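Working notes for the structure below.
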Amino acid sequence: MKKIIASVVVTGLLLSNPLVSNAALGDRTLKSGMTHNEVKQLQGVLKNKGYFTSKNTTTYFGTITKSSVVKFQKSKGLKADGIVGPNTYKALGIKKNTAQKSNGYSSTNMVKNAKKYLGVSYVWGGSTPKGFDCSGFLKYVFEKSTDVNLPRTVAEIYKKGNKVSSPKVGDLVFFETYKPGASHAGIYIGGNQFIHSSSSKGVSITSMNNSYWSERYLGAKSYN
């Protein structure tokens with residue numbers, strides 16, 4: 001009975017999470033706390049090399065997986081931090097699948113994560129669900145949703161990424177508010193709307209047609 005329940009749960013995860021169903025090992029950085037089909041693939045590789053000793057493999061990156069990764073990293077003279085990035089993949093003999101590079105950046109997953117924090121208050125300098133400022137919100141959501149590490153300020157974030165003529169879901173939209181240049185930004189979620197942390201409403205969804213924001217719109221950039 002337990003095996004049947006476990007099978008149903010795993011199947012549900014695979015069907016409901018596009019990141020899981022379209023995964024290719026090597027496309028993203030893996031670390032503790034993540035649930036992803038690539039984790040299961042990683043465990044299989046480590047198991048074949050004698051580092052992952054648990055009988056069953058799962059999609060969850062827990063303490064056993066981290067311990068296995070650390071042991072492997074130490075054996076190869078790598079930084080033993082338990083995080084599976086480019087150097088660890090290379091040592092494992094896994095090449096990045098450039099054809100599926102975009103899977104490391106799921107716009108759907110990002111928007112889903114961002115919406116979890118609707119209603120969180122604006123806090124100057126805030127970068128956690130206890131309170132976000134504009135860039136703190138963006139950085140936090142990106143860290144939870146992608147392998148992209150954004151700078152801490154909007155001005156610095158604006159210097160990165162690729163400029164696009166019109167935003168797609170998951171792109172960032174920038175605005176000029178209290179000073180020249182990019183000073184505010186949000187995540188475009190489709191339907192001519194973006195989600196952001198504003199000083200007046202905290203984390204909220206706003207229309208790009210809003211008179212205040214439309215007059216201050218600078219452009220959009222992609223980070224995938």
Side-chain angles (χ1 to χ4, degrees), residues 16-19 28-36 61 83 85 101-224:
S16 64
N17 190 338
L19 287 177
R28 67 175 62 243
T29 297
L30 300 177
K31 55 187 177 181
S32 292
M34 296 180 71
T35 299
H36 201 287
F61 197 124
I83 298 173
K101 182 177 179 181
S102 62
N103 289 334
Y105 184 106
S106 169
S107 301
T108 302
N109 194 50
M110 183 191 299
V111 171
K112 181 179 179 181
N113 283 336
K115 288 182 177 179
K116 291 179 182 178
Y117 307 106
L118 283 170
V120 171
S121 300
Y122 180 90
V123 174
W124 178 263
S127 58
T128 73
K130 292 182 179 179
F132 292 111
D133 64 13
C134 168
S135 57
F137 174 63
L138 300 179
K139 185 174 177 63
Y140 186 86
V141 171
F142 265 69
E143 287 179 351
K144 294 295 181 182
S145 314
T146 76
D147 54 8
V148 178
N149 184 25
L150 292 180
R152 185 58 182 87
T153 67
V154 171
E156 290 300 315
I157 294 173
Y158 189 63
K159 293 178 182 178
K160 308 291 183 181
N162 301 306
K163 191 172 183 179
V164 294
S165 57
S166 58
K168 295 188 293 293
V169 175
D171 290 344
L172 295 187
V173 287
F174 293 87
F175 305 86
E176 183 178 87
T177 54
Y178 65 94
K179 64 179 181 179
S183 54
H184 188 80
I187 300 169
Y188 186 73
I189 63 173
N192 213 31
Q193 295 181 314
F194 65 102
I195 186 170
H196 60 139
S197 181
S198 70
S199 57
S200 59
K201 295 183 179 180
V203 179
S204 55
I205 294 174
T206 301
S207 170
M208 296 286 290
N209 293 327
N210 175 286
S211 59
Y212 177 85
W213 295 109
S214 62
E215 292 178 359
R216 292 164 174 78
Y217 181 61
L218 285 179
K221 287 197 170 185
S222 172
Y223 294 79
N224 61 347

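Bear in mind the structure is a predicted one, so any value in this text is a computation, not a measurement.
Between Y223 and F142, the two ring planes are perpendicular [angle over 60°; tilted spans 30° to 60°].
Considering only heavy atoms from C-beta on, M110 comes within 4.5 Å of V141 through its side chain. Considering only heavy atoms from C-beta on, R216 stays 4.5 Å or farther from H184 through its side chain. Side-chain contact between L150 and K160 is absent, with no heavy-atom pair separated by less than 4.5 Å. Looking only at side-chain heavy atoms (C-beta outward), K115 and I195 come within less than 4.5 Å of each other.
For the atom pair I83 CD1 and S32 OG, the distance stands at 8.0 Å (nearest 0.5 Å). To the nearest 0.5 Å, atom OH of residue Y178 and atom OG of residue S199 are 10.5 Å apart. Note: W213 CH2 to S198 OG = 6.0 Å, rounded to the nearest 0.5 Å. If you take CD1 on I189 and CD1 on I205, they are separated by 4.0 Å, rounding to the nearest 0.5 Å.
The nearest pair of heavy atoms linking N113 to K144 is ND2-O, 3.6 Å. The two residues P151 and E156 come nearest to each other via the heavy atoms CB-CB, 3.5 Å. Of all heavy-atom pairs between S222 and V164, the closest is CB-CG1, 4.0 Å. Here the closest heavy-atom approach between residue G170 and residue I187 is recorded as CA-CG2, 4.2 Å. Here the shortest heavy-atom pairing between L138 and A185 reads CD1-CB, 3.7 Å. Shown here for S166 and D171, the closest heavy-atom pair between the two residues is O-OD2, 4.4 Å.
A salt bridge links E143 and K139; the closest N-O separation between the charged side-chain nitrogens and carboxylate oxygens is under 4.0 Å.
Neither side chain, N109 nor K112, offers a donor N or O lying under 3.5 Å from an acceptor on the other. Side chains of S135 and R152: a donor-acceptor N/O pair is present below 3.5 angstrom, by distance only.
Taking the ring-ring contact (aromatic ring centres under 6.0 Å, His included) definition, one finds that F132 meets it with Y117, F137, Y140, sequence neighbours left out. By the side chain to side chain donor-acceptor pair (under 3.5 Å) test, T206 is found to be paired with H196, residues two or more places apart in sequence or in another chain being considered.
Here the side chain of D133 pairs a donor or acceptor atom with the backbone of G125 at under 3.5 angstrom. Although no hydrogens or angles enter the test, the distance criterion places no donor-acceptor pair under 3.5 Å between the side chain of T29 and the main chain of D147.
A centroid separation of 6.0 Å or more is found between the aromatic rings of Y217 and F194.
Taking the ring centre of Y158 as origin, the terminal cationic atom of K221 falls inside the region bounded by 6.0 Å and 45° from the ring axis.
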For V203 and S197, run side-chain contact (heavy atoms from CB on, under 4.5 Å): C-alpha distance rounded to whole Å, both residues' side-chain angles, the deciding distance at 0.1 Å, then the answer.
CA-CA 4 Å; V203 179; S197 181; 4.1 Å; yes
